[in-house]
Amino acid sequence: MTSEGNQYQIVSPSLTVKAMRDSGYKNTAYALAELIDNSIDAEASLVQVFACESPVEGATQTRHRVDTIAVLDDGKGMDKDLLRRALKYGDGLGGDRTRIGRFGMGLPNSSMSQCTKVEVWSWTNTAANALYTHLDLEEIANGRVDVPEPKPSRVPDYWDDLSEAPLGRSGTLVVWSILDRVKWHGAGATLRNTAELIGRVYRHYLKDGAVTIKMAPVRDGEVLEGKNGWYYAEPNDPLYLMRKSGTPEPFDSTPMFEPFDMGSEDEPGVYAFPIPTPDGKKYTVTVRASIARPEARRPNVSGHPWPDTANPNRDGGWQTWGKHAARNIGISLVRRGRELDLDSSWAIGYDPVERWWGVEVDFPPELDEIFGVTNNKQTATVFSSLSDFDWAAEMDSDETPKAFRDRLKEFGDPREPLLGLAQFLGEILKKMRRKLGQQTIGSRKSRQRYDEDVTSKATDAVKRRHEDGHTGTTDRLAEEATEADKRQEQLSALTERHHVDEDTAQSLVDEALENDWRVRWLSSPQDSSAFFNIDLLAGMLQVSFNTEHPLHSKLMAVLEDVPEKASEAELRQRLARATETFKLLIFSWARMEDEIPSKKDRRVIADARSDWGRYARDFIEDGSEEE
């Protein structure tokens, strides 16, 4: 063993390694990803992950717990010098930007974050001629400061026997033991979840067939069979644009989302952003955006029936594919084809609708410093900090956006190069959320009965007034229009004016004509200061609530977008907020009358208020029934 010697050296190897164990890996699967990075960099075509269980005697029964994890690949292998450097913190091939690995920290850092002993065999001329070395935390604590010199050592037959394919001419085996930081218990269930995450991180490599990643639980020296046997890591695409993926049926062989296009000059839903670096160079960041197809959220889309296994009384969020999408919320940050992070800070809390959009930001390693990539390749700190960037709060009152950016650049603010990108992401998310709000108009199961009741009652009121001789524009238009005319006018108003997708619009029109409904309520973004607008169509009085008006978020959303599992306290709070907003709404009208200077104009407004009150009585009292 080598002594630490000089008591004045800058760092203590033993204390440093112990401190590095708390390096922030989210879980064991993310630590494993560092090893898979190395395998892909070594041009491996097959990577195998083994989770080996041993029996643990419990109070009433024997259970099994993972005590060894191994990663075996058929890559290029390492010679003696490279193998020794690979276990050294901050060495390896960290300076090579053509690799996924970047900082020379992956193998020792990820390994020691999970276990106290890591062993490595690597070979370039058959597994019989492999070289072996290791790191052991106990040895380091006792004074070792260097990586043990690799020695010839044949790969143990145990791992050769477990491998699904014969060990090739070259490859590497990494074995973790004494797993004091691993929380895995049963290997089977754990690997199922791990395969989903690994499938997302390496989806582009898996899709292109560049690598196959397989995982297996091992008990008593044998790979378990049946449903708990081998797990293939299938592509898990948070944009849901890949034709073949691990998404549940019916979207395992067809895309669940479609590109979201805002007029891209490239292919639909793909946008290129040049980002400058301090040395004067520019590198391209590629943004891809997608949004759920209507059939993912609604069961009644023509030509796209849900499978028999789906629950037709629940919306898409409750189906297996919707629950899958709920595990993929956020902006996917991709570096050299490998996902660093699915950054959920860009999503709105836990709004269930957030699962139905996807955004991928793909950047080259040359922008690592600009994005703030951490050495464990799990996040990009500068990029994440921009998710809640508030221009209004950070700009001076008399400052233009350009002057503000110039000031940040002058002060060397690390966020400045990414501000344009962040601004674009904010815009595209805003537009996608608007469109998503239109996809399920009239189809939310929890509100459908109440919506139909209101529509029926309002329709009855309209018909009564017509029968009493009160004719409206919609009545006169209906007298001159055929059924086909009504259908086309309503479809055009919904799709062109309110940007409702064609399938949803067709469903709404069919439903209205079939039930002879004379009114329709919808929410849509509008460039207007009015909180609602009116479309007078043939036989249809269509009211559109302006989602851009504060009343939508403070009144309609509070009353309508209620979580099914909301507590009594939350419901009371929502009612209190709605009551407060309604009172403020009435006060705003009162103040409007107060500020009208002309008595004549005030009388006109007061008469309009009285007329509206009479209409309200007709719609509410005459159209209601005692419960």
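The structure displayed is predicted, hence computed values, not measured ones.
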What residues, two or more places apart in sequence or in another chain, satisfy salt bridge (Lys or Arg N to Asp or Glu O under 4.0 Å) together with [X]?
| X | result |
| --- | --- |
| Lys431 | none |
| Asp81 | Arg85 |
| Asp343 | none |

Are [X] and [Y] within salt-bridge range, i.e. N to O under 4.0 Å?
| X | Y | result |
| --- | --- | --- |
| Glu339 | Arg200 | yes |
| Asp368 | Arg335 | yes |
| Arg433 | Glu354 | yes |
| Glu366 | Lys281 | no |
| Glu394 | Arg415 | yes |

For [X] and [Y], which I'm curious about, is there any donor-acceptor pair between the side chains at under 3.5 Å?
| X | Y | value |
| --- | --- | --- |
| Asp37 | Tyr202 | yes |
| Gln114 | Tyr25 | no |
| Arg338 | Tyr205 | no |
| Asn129 | Thr126 | yes |

I'd like a table of donor-acceptor pairs (distance under 3.5 Å, sequence neighbours excluded) in which one partner is a side-chain atom from residues 245-262, with atom names and distances.
{"from": "Ser245", "atom 1": "OG", "to": "Thr247", "atom 2": "N", "distance (Å)": "3.3"}
{"from": "Ser245", "atom 1": "OG", "to": "Thr247", "atom 2": "OG1", "distance (Å)": "2.9"}
{"from": "Asp261", "atom 1": "OD1", "to": "Gly263", "atom 2": "N", "distance (Å)": "3.2"}
{"from": "Asp261", "atom 1": "OD1", "to": "Ser264", "atom 2": "N", "distance (Å)": "3.0"}

Please verify the inter-ring angle class for Tyr132 with His134; under 30° counts as parallel, over 60° as perpendicular, anything in between as tilted.
parallel
So, Tyr232 versus Trp230, ring centres under 6.0 angstrom or not?
no
Using the benzene-type ring in the case of Trp, are the ring centres of Phe424 and Tyr271 under 6.0 Å apart?
yes
So, taking the atom named [atom1] in [X] and the one named [atom2] in [Y], what distance separates them when rounded to the nearest 0.5 Å?
| X | Y | atom1 | atom2 | value |
| --- | --- | --- | --- | --- |
| Leu241 | Lys207 | CG | NZ | 10.0 Å |
| Trp176 | Ser113 | CH2 | OG | 6.0 Å |
| Asp160 | Leu167 | CG | CG | 4.0 Å |
| Leu224 | Tyr231 | CG | OH | 8.5 Å |
| Asp237 | Asn328 | CG | CG | 8.5 Å |
| Thr379 | Phe371 | OG1 | CZ | 11.5 Å |

Given Leu418, Thr286, Leu340, Ile275, the one that forms side-chain contact (heavy atoms from CB on, under 4.5 Å) with Phe363:
Leu340
Go through the steps to decide whether Leu367 and Val373 satisfy the test side-chain contact (heavy atoms from CB on, under 4.5 Å), and finish with yes or no.
CA-CA 9 Å; Leu367 295 178; Val373 177; over 6 Å; no
Shortest non-hydrogen separation from [X] to [Y] and the atoms involved:
| X | Y | value |
| --- | --- | --- |
| Gly77 | Ser170 | N-CB, 4.3 Å |
| Val382 | Pro414 | CG1-O, 3.5 Å |
| Thr133 | Pro150 | CB-CA, 4.1 Å |
| Ile198 | Ala29 | CD1-O, 3.9 Å |
| Met78 | Leu131 | O-CD1, 4.4 Å |
| Ser111 | Leu35 | OG-CD2, 4.2 Å |

Could you go through Trp346 and Phe383, starting from their C-alpha distance and side-chain angles, then the distance that decides it, and tell me whether this counts as ring-ring contact (aromatic ring centres under 6.0 Å, His included)?
CA-CA 10 Å; Trp346 294 81; Phe383 176 79; 5.1 Å; yes
Closer than 3.5 angstrom, by distance alone: can the side chain of Gln319 be matched with the main-chain N or O of Arg314 as a donor-acceptor pair?
yes
Judged by atom type as modelled, is there a donor-acceptor pair below 3.5 Å linking the side chain of Arg297 to the main-chain atoms of Asp315?
no
Other residues, nucleotides and ligands only: do more than 12 of their heavy atoms fall within 6.0 Å of OH on Tyr158?
yes
Please indicate whether Asp279 has more than 12 foreign heavy atoms, meaning atoms of other residues, nucleotides or ligands, lying under 6.0 Å from its CG.
yes
Carefully, step by step, assess Tyr283 and Ile370 under the rule side-chain contact (heavy atoms from CB on, under 4.5 Å).
CA-CA 11 Å; Tyr283 296 91; Ile370 297 292; over 6 Å; no
Could you name each residue pair satisfying side chain to side chain donor-acceptor pair (under 3.5 Å) that touches residues 65-80, not counting sequence neighbours?
Ser39-Asp73, Ser45-Asp74, Ser54-Asp67, Lys80-Glu149
Is any side-chain heavy atom of Val118 less than 4.5 Å from a side-chain heavy atom of Leu87?
yes
Stepwise side-chain contact (heavy atoms from CB on, under 4.5 Å) test for Leu425 and Ile331
CA-CA 9 Å; Leu425 292 173; Ile331 290 183; 4.1 Å; yes
Residues at least two apart in sequence or cross-chain that pass side chain to side chain donor-acceptor pair (under 3.5 Å) with Asn125, listed by chain then number, are Arg169
Could you go through Ile213 and Leu206, starting from their C-alpha distance and side-chain angles, then the distance that decides it, and tell me whether this counts as side-chain contact (heavy atoms from CB on, under 4.5 Å)?
CA-CA 8 Å; Ile213 302 174; Leu206 294 168; 4.1 Å; yes
